[in-house]
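The structure under discussion appears below in the form of structure tokens.
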Amino acid sequence: MKSWFLHIIVNAIAIIAVGALLDGVQISGIGGALLAAFILSILNAIVRPILVVLTLPITILSLGLFLFVINAITLGLTDLLLGSTFEMASFGIAILAAIIISLINLVLNSLIKE
């Protein structure tokens, strides 16, 4: 349970960083980022595995790069659920945000585990 809360905080930091880096991502403060991270973690636990199984052949053919598209879809669903709290301008921005969030999560999680 404690690691799940830590994961949400790391995701919120990554979402805040993406909001600062990309003009197409709008976040309404730290609370909005925490709420977006919470919703994103729920979607990653429920929707993402279903999408991974359904798109397994294209994921294998793209050598795993299609997983960024799946992450962008979950970010888009988060955008739909949160309305004006967390907004993305387009699907291209969502893919770019998914890549940046993945990289930031990779770095922060490696720092935390050491």
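Note that these values count all heavy atoms, side chains included, but never hydrogens, waters or copies made by symmetry. Since the structure is predicted, the reported quantities are computational estimates derived from the model, not experimental observations.
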Tabulate below the donor-acceptor pairs under 3.5 Å that side-chain atoms of residues 23-31 make, not counting sequence neighbours, or state none.
from	atom 1	to	atom 2	distance (Å)
Gln26	NE2	Asp23	O	3.1
Ser28	OG	Thr85	O	3.4

Rounded to the nearest 0.5 Å, what separation is found between the [atom1] atom of [X] and the [atom2] atom of [Y]?
{"X": "Ile99", "Y": "Leu67", "atom1": "CD1", "atom2": "CG", "value": "11.5 Å"}
{"X": "Ile16", "Y": "Ile101", "atom1": "CD1", "atom2": "CD1", "value": "11.0 Å"}
{"X": "Thr78", "Y": "Ile42", "atom1": "OG1", "atom2": "CD1", "value": "9.5 Å"}
{"X": "Leu106", "Y": "Leu111", "atom1": "CG", "atom2": "CG", "value": "9.5 Å"}
{"X": "Leu75", "Y": "Ile70", "atom1": "CG", "atom2": "CD1", "value": "12.5 Å"}
{"X": "Leu80", "Y": "Glu87", "atom1": "CG", "atom2": "CD", "value": "10.5 Å"}

Which heavy atom in [X] sits nearest to a heavy atom in [Y], and how many Å separate them?
{"X": "Ala12", "Y": "Ala37", "answer": "N-CB, 3.6 Å"}
{"X": "Ser110", "Y": "Val107", "answer": "OG-O, 2.7 Å"}
{"X": "Ala98", "Y": "Ala72", "answer": "CB-N, 3.8 Å"}

(request) Output the rest of the hydrophobic cluster of Leu61: all Ile, Leu, Val, Met, Phe, Trp and Tyr residues reachable through side-chain heavy-atom contacts under 4.5 Å, sorted by chain and number. (result) none
Which donor-acceptor pairs under 3.5 Å do the side chains of residues 43-57 make with protein atoms, sequence neighbours left out?
from	atom 1	to	atom 2	distance (Å)
Asn44	ND2	Leu40	O	3.4
Arg48	NE	Asn71	OD1	2.8
Thr55	OG1	Leu51	O	2.6

(message) Phe38: which residues meet the ring-ring contact (aromatic ring centres under 6.0 Å, His included) condition with it, sequence neighbours left out?
(response) Trp4
(message) Counting neighbours of CD1 on Ile58 that are heavy atoms of other residues, nucleotides or ligands and sit closer than 6.0 Å, is the number greater than 12?
(response)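 Count not over threshold, so no.
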(request) Scan for side chain to side chain donor-acceptor pair (under 3.5 Å) pairs involving residues 94-103, sequence neighbours excluded, and state none if there are none. (result) none
(message) Once side chain to side chain donor-acceptor pair (under 3.5 Å) is applied, what residue pairs with a partner in residues 57-67 remain, sequence neighbours excluded?
(response) none
(request) Can you sort out the partners of Ile104 under side chain to side chain contact (heavy atoms under 4.5 Å, CB included), two or more places apart, ordered by chain and number? (result) Ala14, Ala17, Ile100, Leu108
(request) Kindly write out the residues that satisfy side-chain hydrogen bond (donor to acceptor under 3.5 Å, both in side chains) with Asn105, not counting sequence neighbours, or none if the list is empty. (result)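 Only Asn11 meet the side-chain hydrogen bond (donor to acceptor under 3.5 Å, both in side chains) criterion with Asn105.
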(request) Applying side-chain hydrogen bond (donor to acceptor under 3.5 Å, both in side chains), name anything that partners Asp79, two or more places apart in sequence or on another chain. (result)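 So Asp79 forms no side-chain hydrogen bond (donor to acceptor under 3.5 Å, both in side chains) with any residue.
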(request) Provide the full list of ring-ring contact (aromatic ring centres under 6.0 Å, His included) pairs with a residue in residues 48-75, sequence neighbours left out, each pair given once. (result)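 Of all non-adjacent pairs touching residues 48-75, none passes ring-ring contact (aromatic ring centres under 6.0 Å, His included).
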(message) Per the ring-ring contact (aromatic ring centres under 6.0 Å, His included) rule, what does the pair list look like for residues 69-101, sequence neighbours excluded?
(response)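 Checked against ring-ring contact (aromatic ring centres under 6.0 Å, His included) - neighbours excluded - no pair reaches residues 69-101.
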